[in-house]
Every structure is written in C-alpha cells, then in structure tokens.
There are 2 protein chains.
Amino acid sequence: MKLETSCIRAEADHTQILRCKEDLNAVSTSIEAISKIMALAGNEVRFKILFLLKRETELCPCDFADILEMSVPAISQHLRKMKDVNVITTRRDGQTIFYRISKKNEDFLTAILSNITFEKKIA
Amino acid sequence: MKLETSCIRAEADHTQILRCKEDLNAVSTSIEAISKIMALAGNEVRFKILFLLKRETELCPCDFADILEMSVPAISQHLRKMKDVNVITTRRDGQTIFYRISKKNEDFLTAILSNITFEKKIA
DNA sequence: TTTATATTTAAGCATTTGCTTAAATAATTA
DNA sequence: TAATTATTTAAGCAAATGCTTAAATATAAA
C-alpha cells in the first residue's frame with residue numbers, strides 16, 4: 001500500500017501522516033457533529049440568538065425580531081436551522097412559540113458563550 | 001422614544017426587549033469576534049485542521065493535503081483565512097512553512113476541541 | 001544561474017447562505 | 001363563522017464560500 005503524497009520533501013513524516021489519518025477516522029462522527037453546531041453558531045445572528053436564549057431562558061420569534069431589528073421570516077429561518085439539528089427546542093403557548101436551548105447542547109454552548117466578555121462603558 | 005414592535009401580543013415584555021438590546025450592545029465586540037472564530041471552525045476541513053494542530057503541535061500545508069486528501073491550494077486558502085484573524089501562526093523552516101494554533105486562541109479552541117469524542121472501534 | 005520544490009495567489013465557477021416578499025398554517029378573538 | 005395575530009414556508013436573488021486550474025513567489029539544490 002503506497003501513500004499518496006503531495007510534497008516530496010525528505011522530512012515528510014509518513015508515519016505521522018498515517019497516524020493523523022487514523023486519528024481523524026476515529027473521531028469523524030464527532031467532528032462532523034460539532035463542526036455542524038459550530039457552523040450554526042458561527043453566524044452572528046444565530047450566535048446572538050443563542051446568547052439571548054442563554055440569558056433569558058426562552059423567547060419567541062417576534063421577540064428576536066424586535067431585539068435584533070430583523071424581519072420575522074428571517075429570524076424564523078435561523079431558528080429553523082438550529083431546531084433542525086436539535087440545538088434548540090420549542091414549546092407552544094397559544095399562538096406563541098417559545099424557543100430555548102436544548103438540554104442536549106446546553107453544556108457545550110454554555111462553555112462557548114462563557115467566553116463572551118462585557119465591554120467597559122466609556123464615559 | 002417609541003419601541004418598534006413586530007408583534008402586538010399583550011404578553012410582549014417591552015422591558016425585556018429593551019434589556020436584551022442593551023445587553024447585546026454591551027457584548028457586541030466580543031460577540032463579533034467569537035462568532036468569527038466559530039464561523040472559521042464551523043467548516044469541517046478547518047475544524048479538522050485545528051484538531052490536527054492541537055494533537056501534532058505543528059504541520060505544513062502539504063501535510064494537511066496528504067492527511068485530508070485535498071489539493072494544496074485548497075488547504076492553503078483555508079490556512080490563510082485562519083491566519084488572517086490570528087487563529088493560527090506560521091514559522092518558516094527553509095521552504096517549509098509550519099502552522100500552529102496561536103497562543104491567543106489556544107484556550108478557547110482547546111475548550112471546543114475537548115468536546116470531540118473518540119468512537120468505539122467496532123469489531 | 002538554472003532547476004526543482006513548497007507555498008501562495010488569482011481567476012473562474014458551482015454551490016450555499018441569508019435575506020426579501022408573498023403566500024400558507026395555525027390558533028385566537030369578535 | 002370571519003377576522004386577527006403569530007409563525008412558518010417557499011420562491012427569488014445577491015453575496016459569500018470553497019473548490020479547481022494556472023500562474024506567481026520564495027527558498028534550496030544542482
């Protein structure tokens with residue numbers, strides 16, 4: 001079994017390359033899942049939604065629209081993406097649908113959100 | 001000063017909406033910075049690169065190309081994006097350029113990468 | 001100084017993303 | 001029941017993303 005290589009440098013460590021490939025293989029499912037959550041949180045609007053949900057526990061689409069000054073459909077589509085992968089869950093109360101962070105991802109998201117720092121007020 | 005509202009429901013808590021807007025305002029710089037890093041890590045290829053850098057300390061573009069079985073230019077462009085915002089740094093050794101996770105973001109990325117779990121080997 | 005190697009850069013292009021507007025659902029109220 | 005309100009869905013479109021190929025840079029070796 002020959003190893004396909006891109007560079008021919010003498011220092012290339014073929015053992016290391018193979019080990020890395022094996023390592024990646026052993027975590028592929030986990031990497032895929034986490035990077036999917038990261039991609040969702042990597043959008044600033046969605047990150048703000050998660051930040052707000054963490055602070056307020058639950059909010060509805062039109063709350064987000066008011067707070068973020070965006071259209072309701074735009075918000076709804078962001079919420080849908082996060083709901084589709086169970087990052088957030090819903091609860092209906094009459095016509096209002098409340099969103100909250102799902103238990104499943106709470107710890108992971110809390111760890112990330114805890115890196116948010118408040119700015120000092122200037123004058 | 002009148003508050004622009006999307007929904008007219010009686011339960012809408014205008015105090016909460018205003019507080020949320022103020023809260024967001026107080027963390028806007030931080031949110032912007034973190035969600036930018038998240039967006040970078042949200043790409044599966046880049047997330048794998050970060051995972052590999054964490055394990056191997058430093059690697060060069062052609063290592064990544066071999067490990068991830070991708071073209072060198074494709075890898076190079078991913079590395080550039082992360083270098084542009086100082087998520088990773090470089091060191092030259094002859095013709096080879098070694099990349100590593102920057103000190104500045106090491107803790108944050110380690111926290112995220114620590115959520116990666118290894119899969120059980122089946123049979 | 002020519003040649004080879006490692007990397008980056010740039011142009012081109014298909015795919016994805018995130019909004020807008022308009023229409024469809026669903027629950028409440030008159 | 002009809003009208004109102006909250007939300008979702010869908011179509012359309014501009015902008016961003018991530019690859020490919022080809023060319024440009026930079027260092028090292030012949």
Side-chain angles (χ1 to χ4, degrees), chain A residues 4-13 17 35-50 58-85 87-100, chain B residues 4-14 17 32 35-50 58-85 87-100:
Chain A
E4 226 24 272
T5 49
S6 302
C7 57
I8 324 174
R9 79 194 145 84
E11 305 86 41
D13 183 344
I17 302 295
S35 74
K36 196 161 284 175
I37 297 178
M38 303 281 288
L40 287 172
N43 174 283
E44 202 171 319
V45 171
R46 288 191 295 264
F47 196 53
K48 284 177 178 172
I49 288 175
L50 293 172
E58 62 176 18
L59 289 164
C60 68
C62 88
D63 286 335
F64 289 120
D66 289 344
I67 298 165
L68 301 174
E69 295 173 15
M70 289 178 60
S71 75
V72 172
I75 291 291
S76 182
Q77 282 160 31
H78 280 300
L79 291 170
R80 186 186 207 290
K81 286 189 184 186
M82 294 197 281
K83 202 197 160 176
D84 279 350
V85 294
V87 167
I88 55 180
T89 57
T90 54
R91 151 180 104 78
R92 179 182 275 279
D93 177 8
Q95 304 179 66
T96 309
I97 294 179
F98 287 100
Y99 284 82
R100 62 166 66 206
Chain B
E4 223 30 87
T5 49
S6 301
C7 56
I8 325 174
R9 78 195 145 85
E11 305 86 42
D13 182 346
H14 289 219
I17 303 295
E32 206 177 314
S35 74
K36 197 160 285 174
I37 297 178
M38 303 281 287
L40 287 172
N43 174 284
E44 203 171 318
V45 171
R46 287 191 295 263
F47 196 54
K48 284 176 179 173
I49 288 176
L50 292 172
E58 62 175 18
L59 290 164
C60 68
C62 88
D63 285 337
F64 290 119
D66 288 345
I67 297 165
L68 301 174
E69 295 174 16
M70 289 178 61
S71 75
V72 171
I75 291 291
S76 182
Q77 283 160 29
H78 280 299
L79 291 170
R80 188 187 207 289
K81 286 190 182 185
M82 294 198 279
K83 202 198 161 175
D84 279 350
V85 293
V87 168
I88 54 180
T89 57
T90 54
R91 150 181 104 77
R92 180 182 275 279
D93 178 8
Q95 305 178 67
T96 308
I97 294 179
F98 287 100
Y99 284 81
R100 63 167 65 204

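Labels below follow one simple rule: chain letters A, B, ... track the order of the sequence lines, proteins then strands, and each chain is numbered from 1.
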Which whole-number value in Å describes the distance from B/His78 NE2 to C/dT7 P?
16 Å
What nucleotide among D/dT8, D/dA22, D/dG18 has an atom nearest to a side-chain atom of A/Ile97?
D/dT8
Let's see if you can work this out: which of C/dT20, D/dT7, D/dT20 has an atom nearest to the side-chain heavy atoms of A/Ser71?
C/dT20
Options C/dT7, D/dT7, D/dC19, nucleotide nearest the side-chain atoms of A/Pro61
D/dT7
Side chain of A/Lys81 only, heavy atoms from C-beta on: which candidate in C/dG18, D/dT8, C/dT9 is closest?
C/dG18
From C/dT7, C/dA27, C/dC19, pick the nucleotide closest to the side chain of B/Thr96?
C/dT7
To the nearest Å, how far apart are A/Gln95 CD and C/dT25 P?
17 Å
Of the candidate nucleotides D/dT9, D/dC19, D/dT27, which contains the atom at the shortest distance from the side chain of B/Met70?
D/dC19
Worked verdict on A/Arg80 versus A/Asp84 for side-chain contact (heavy atoms from CB on, under 4.5 Å)
CA-CA 6 Å; A/Arg80 186 186 207 290; A/Asp84 279 350; 2.8 Å; yes
By nearest atom, which of the nucleotides D/dT5, C/dT7, D/dT9 is closest to the A/Arg80 side chain?
D/dT9
How many Å lie between CD on B/Gln77 and C1' on D/dT17, as a whole number?
11 Å
How many Å lie between CG on A/Asp66 and P on D/dT7, as a whole number?
10 Å
Base, sugar-phosphate, or nothing: which does B/Tyr99 touch, judged by heavy atoms less than 4.0 Å apart?
sugar-phosphate
When rounded to the nearest 0.5 angstrom, what distance separates CD in A/Gln77 from CZ in A/Arg46?
11.0 Å
Just verifying a value: how many Å separate A/Gln95 CD and A/Cys62 SG, rounded to the nearest 0.5 Å?
10.5 Å
Between the CG atom in B/Asp63 and the CD atom in B/Glu58, the distance rounded to the nearest 0.5 Å is 10.0 Å
DNA chain C nearest-nucleotide lookup for A/Val45 and B/Ser76: closer to the 5′ end is B/Ser76
State, yes or no, whether a side-chain contact exists between B/Ile37 and B/Val85 at a heavy-atom distance under 4.5 Å.
no
A/Ile75 atom CD1 is separated from C/dT20 atom C1', nearest whole Å, by 14 Å
Using whole Å, what does the distance between atom P of nucleotide D/dT17 and atom NZ of B/Lys36 come to?
10 Å
B/Asn43 CG to C/dT15 P: how many Å, rounded?
17 Å
Rounded to the Å, how far apart are A/Leu40 CG and C/dT16 C1'?
14 Å
Check whether any side-chain N or O of B/Arg92 sits under 4.0 Å from OP1 or OP2 of C/dA6, and answer yes or no.
no
